[in-house]
Enquirer: 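Below you will find the structure I want to go over with you.
Residue numbers count from 1 along this sequence. Note that ligands are numbered from 1 as they come in the structure, with each ligand's atoms numbered from 1 the same way.
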Amino acid sequence: MIKRAILFGGKAIVSVLDTTDTVNKAIDIHNFSQPVARAMGKALTMTAFMSGNFKGQGNKLTIIIDGNGKGGKAVLCGDCGAKVRGYIENPKACAERDASVSEIIGKEGSLNVIKDFGLKEPYNGLSQLVNGNIDEDFAYYFTASEQLPSAVALGVKTEGGRCVKAGGIIVQPMPNCSEEEIFVLQDIVRNFTDVGELLCEKSADEIMEFYFGHFEISRLPDIYEDYVCSCSRERIEEMLIALGKEELLAIIKTRGAIEVGCEFCNKKYVFETEDVKGLFDGN
Ligand SMILES: [Zn+2]
């Protein structure tokens with residue numbers, strides 16, 4: 001659930017996200033260790049926020065966080081309407097201890113954001129990671145790459161391998177927001193040191209009213225984020241057809257069948273000799 005409101009009669013937008021169900025879906029699929037669940041929970045929350053702002057149906061977001069941390073590279077995707085998915089190279093990293101998000105993500109590397117609006121060239125933004133805790137990395141990305149000095153507070157509370165609460169509070173200025181107003185907003189967001197814990201005490205709506213209600217707010221429609229994979233047998237078939245019939249039959253000869261797994265949802269697609277021949281019917 002993403003709650004949004006305009007502040008100061010149009011000078012900034014605040015979003016309060018509760019992404020608990022989405023993060024638990026990701027945990028069910030990927031079996032994350034608790035530290036990885038906190039890192040990926042934050043990254044998925046950010047992906048939901050950014051793809052929730054998309055206006056066009058076919059708009060697509062890809063985020064690659066490559067910080068040389070214990071979890072390895074993380075890849076996240078979001079479709080218009082905050083339909084998100086993601087995976088990380090080592091989903092079970094640091095399972096035996098309480099590692100920080102920075103340790104899972106790492107800080108020696110980059111944050112790459114690709115926004116595909118269906119134009120000739122997708123928008124491609126790249127920034128260095130600040131400390132790998134995701135909040136500051138994205139705040140820096142927005143400022144450096146999108147010229148939007150944003151305030152970002154994300155948090156995931158886990159217990160017994162599950163996500164108890166996950167979400168975020170993000171404030172972005174509009175062009176007519178003064179530096180003083182940006183400063184006031186950033187100062188408020190800086191006080192949200194544990195958004196997961198805060199969401200246990202207050203709902204997203206209550207957070208909105210309690211902390212931002214006195215800034216001339218007008219509410220925008222809610223967005224319902226979710227963990228959704230866009231893979232399908234048809235898409236895999238298109239990919240296989242591009243490889244060519246001979247190549248595919250040769251693979252089947254050595255391996256018995258072609259098995260293609262989806263990294264985002266762990267679904268397996270199996271193609272045997274008859275399936276491959278069927279792909280090239282009439283060709
Ligand atoms: Zn999938």
Enquirer: Give the total of protein N/O/S atoms at a distance below 2.8 Å from the Zn ion (ligand 1).
Expert: 4
Enquirer: Under the ring-ring contact (aromatic ring centres under 6.0 Å, His included) rule, collect the residues that match up with Tyr227, sequence neighbours excluded.
Expert: none
Enquirer: Quick check: is Val276 connected to Tyr269 through a chain of hydrophobic side chains (ILVMFWY, heavy atoms under 4.5 Å apart)?
Expert: yes
Enquirer: Please list, chain by chain and in numerical order, all residues satisfying side-chain hydrogen bond (donor to acceptor under 3.5 Å, both in side chains) with Glu206, sequence neighbours excluded.
Expert: none
Enquirer: Are the aromatic rings of Phe54 and Phe117 close, with centres under 6.0 Å apart?
Expert: yes
Enquirer: What distance do Asn131 atom CG and Glu136 atom CD have between them, rounded to the nearest 0.5 Å?
Expert: 4.5 Å
Enquirer: Report the hydrophobic cluster partners of Met208, with the cluster defined as I, L, V, M, F, W, Y residues connected by side-chain heavy atoms closer than 4.5 angstrom, directly or transitively.
Expert: Leu7, Phe8, Val14, Val16, Ile169, Val171, Val184, Leu185, Ile188, Val189, Phe192, Val195, Leu198, Leu199, Ile207, Phe210, Tyr211, Phe212, Phe215, Ile217
